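This one's a predicted model, so the numbers in the text were calculated from it and none came from an experiment.
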Amino acid sequence: MHILANLNHIFTRPLMSPVSIFLVALLLILTAKVICHYSKIPKIIGLIVAGIIVGPHALNILNQNLAVTIFATTGLLYIMFSAGLELEMKEFKLQKRKSILFGALTFLIPFGMGFPVFYYLFNYEMSASILIAIMFSTHTLIAYPMVSKKGYAKRQAVAIAIGGTIITDTIVLLILALVTGLHQEGSGVLILTTLLLGFIGFSLVAFLLVPYMAKTFFYLLARKKSFHYTFVLMVVFLLAILAEIIGVDAIIGAFFAGLALNRFVAKKKRLKAEIHFIGETLFIPVFLISVGMIVDLNVLLDLHNVLMITTTLIFVALLSKWLAAKLTQSILKLTPLDGCLIFGLSSSHAAATLAIILVGYKAEILDLPILNSTILLILVSCLTASIVTARTLTQFKKQECEMCESQEKSSLIRSI
């Protein structure tokens, strides 16, 4: 009877025991990763779907308790930190002008299409419409590992896409900081001025003080490699706290921490490996599962309202990114395949999109239908990006084989 009582206590839904919660979380992470690996589905999709299944609106195995919230919050900060950390500054400098052009187009076209649709057609408020519009502008290079693995990472189109990501994501996060800051504090010139001054001071700390701290720390404790990861994580949370103090969301601080530590971490392969390993193994998967847990399947059944929003989100997101990629191709006189590659890399909405919508939802700027619709947008856009990129890389390979065959025939004719 004692054993039965313990079993009943440990496995009562939703789970309350920290041990059972983490057992289920780790089981979900492992299962989702294995399934996604063999089915070639992006891991972000598998983990979000796993969260939907075990969440309070489905099987009700897990809910947003303290343990899950702490790890999920860390995972969100980790995603934005990684986004800043992974931006290839060298590639950006090599293709600076072309990257700025693509960055401007991939921000302005989605924003210009998204804002009027949701402000005038769906009658969302100004701040909500702006957040939805900048969500269209941002993108995550989810297909980049595929490009790198196939040996096409040094193509000009890839460098332009990476550089454009730096431009558009930075602009998007600055606007997010302003919109959420003004929404929390109210309106007025004084508040806007205070927010801007605070942001300038915060930027000085991030890009002047933090690099000095990092340089000094890594010099004095160069051999104490076990301390390096702790220092990096401390900087992430320090800037996240400072961001909240000046009135913007913590993810802005995490993103700036990634940018500030970018050149230091790039030189340390072991540290970079540790950052990726811990994030990919625990923090980020728990965050993605927690996002899935928010999704209310009943809301998705409201076809009259949600289906219209979801369809519009997906249509505007993919069309605007396609237009930006094709216009970039036309202006820079790139090949059609390069235009497709830029679209494949920039069409996936994942980490930054999720962060923006989640921040807007928690700040009560955005509603549940938008959150649920965004989850579906992420699923569709990630699949689209993966398919388009894979097909484009296949075409590149085919093109190269044809060129090799042509050269061999020419050599053979000359030898005869």
Side-chain angles (χ1 to χ4, degrees), residues 44 68-89 131 134-135 138-142 165-181 184 195 198-211 213-214 217 228-266 271-272 274-288 290-291 349-363:
I44 188 171
V68 173
T69 302
I70 289 172
F71 274 81
T73 302
T74 305
L76 176 57
L77 296 180
Y78 220 98
I79 281 178
M80 297 313 299
F81 168 63
S82 298
L85 204 61
E86 284 300 308
L87 295 177
E88 295 284 348
M89 295 300 180
L131 285 190
I134 63 171
M135 177 270 289
T138 189
H139 60 260
T140 303
L141 298 169
I142 196 168
T165 304
I166 298 173
I167 302 295
T168 190
D169 280 6
T170 303
I171 294 171
V172 162
L173 289 173
L174 289 173
I175 294 173
L176 175 66
L178 287 172
V179 171
T180 53
Q184 290 168 2
L195 188 62
F199 197 80
I200 291 168
F202 168 74
S203 300
L204 291 174
V205 171
F207 297 120
L208 292 179
L209 182 59
V210 167
M213 286 169 55
F217 180 86
H228 294 181
Y229 178 79
T230 307
F231 170 78
V232 166
L233 205 58
M234 183 207 71
V235 170
V236 173
F237 279 88
L238 174 64
L239 289 182
I241 288 290
L242 287 177
E244 289 188 334
I245 289 171
I246 66 166
V248 298
D249 197 85
I251 65 167
I252 309 296
F255 180 71
F256 274 47
L259 293 176
L261 295 174
N262 189 301
R263 60 192 173 98
F264 298 101
V265 175
L271 175 59
K272 196 169 185 178
E274 287 175 352
I275 291 169
H276 280 292
F277 178 76
I278 298 173
E280 294 282 340
T281 304
L282 188 61
F283 292 129
I284 294 174
V286 173
F287 164 69
L288 294 173
S290 74
V291 169
H349 292 266
T353 300
L354 209 49
I356 291 162
I357 295 300
L358 210 55
V359 167
Y361 177 70
K362 288 180 178 178

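For the pair Pro285 and Glu280, the tightest heavy-atom approach, listed with the atom from each and the gap, is CG-O, 3.0 Å. Residue Leu131 comes nearest to Ile134 through the heavy atom pair O-CG1, 3.2 Å, listed as atom of the first residue, atom of the second, then distance. In terms of heavy atoms, Ala260 sits closest to Ala206 at CB-O, 3.1 Å.
To the nearest 0.5 Å, atoms CD1 (Ile357) and NE2 (His349) are separated by 10.5 Å. The CG atom of Leu282 sits 9.0 Å away from the OG1 atom of Thr74 when rounded to the nearest 0.5 Å. Put simply, CE on Met135 and CD1 on Ile356 are 8.0 Å apart, with the number rounded to the nearest 0.5 Å. The OG1 atom of Thr73 lies 11.0 Å from the CZ atom of Phe283; values are rounded to the nearest 0.5 Å. Atom OG1 of residue Thr230 and atom CD of residue Glu274 lie 9.0 Å apart, to the nearest 0.5 angstrom. Atom OG1 of residue Thr281 and atom NE2 of residue His276 lie 11.5 Å apart, to the nearest 0.5 angstrom.
Residues passing the side chain to side chain contact (heavy atoms under 4.5 Å, CB included) test with Ala257, sequence neighbours excluded: Phe81, Val235, Val236, Leu239.
Inter-residue side-chain proximity for Phe256 and Val210 is flagged as unmet; no heavy-atom pair is nearer than 4.5 Å. Between Phe287 and Leu77, every side-chain heavy-atom pair lies at or beyond the 4.5 Å cut-off. Inter-residue side-chain proximity for Ile275 and Lys272 is flagged as unmet; no heavy-atom pair is nearer than 4.5 Å. Inter-residue side-chain proximity for Leu242 and Ile246 is flagged as unmet; no heavy-atom pair is nearer than 4.5 Å. Using a 4.5 Å heavy-atom threshold, the side chains of Ile245 and Phe202 count as separate.
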What's the verdict on side chain to side chain contact (heavy atoms under 4.5 Å, CB included) for Phe264 and Val232, showing C-alpha distance, side-chain angles and the deciding distance?
CA-CA 10 Å; Phe264 298 101; Val232 166; over 6 Å; no
Yes or no on side chain to side chain contact (heavy atoms under 4.5 Å, CB included) for Leu176 and Val359, after CA distance, side-chain angles and deciding distance?
CA-CA 9 Å; Leu176 175 66; Val359 167; 4.2 Å; yes
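Using cut-offs of 30° and 60° on the angle between ring planes, the pair Phe231 and Phe217 is parallel.
Shown here is Phe277, whose CZ atom has no more than 12 heavy atoms of other residues, nucleotides or ligands within 6.0 Å.
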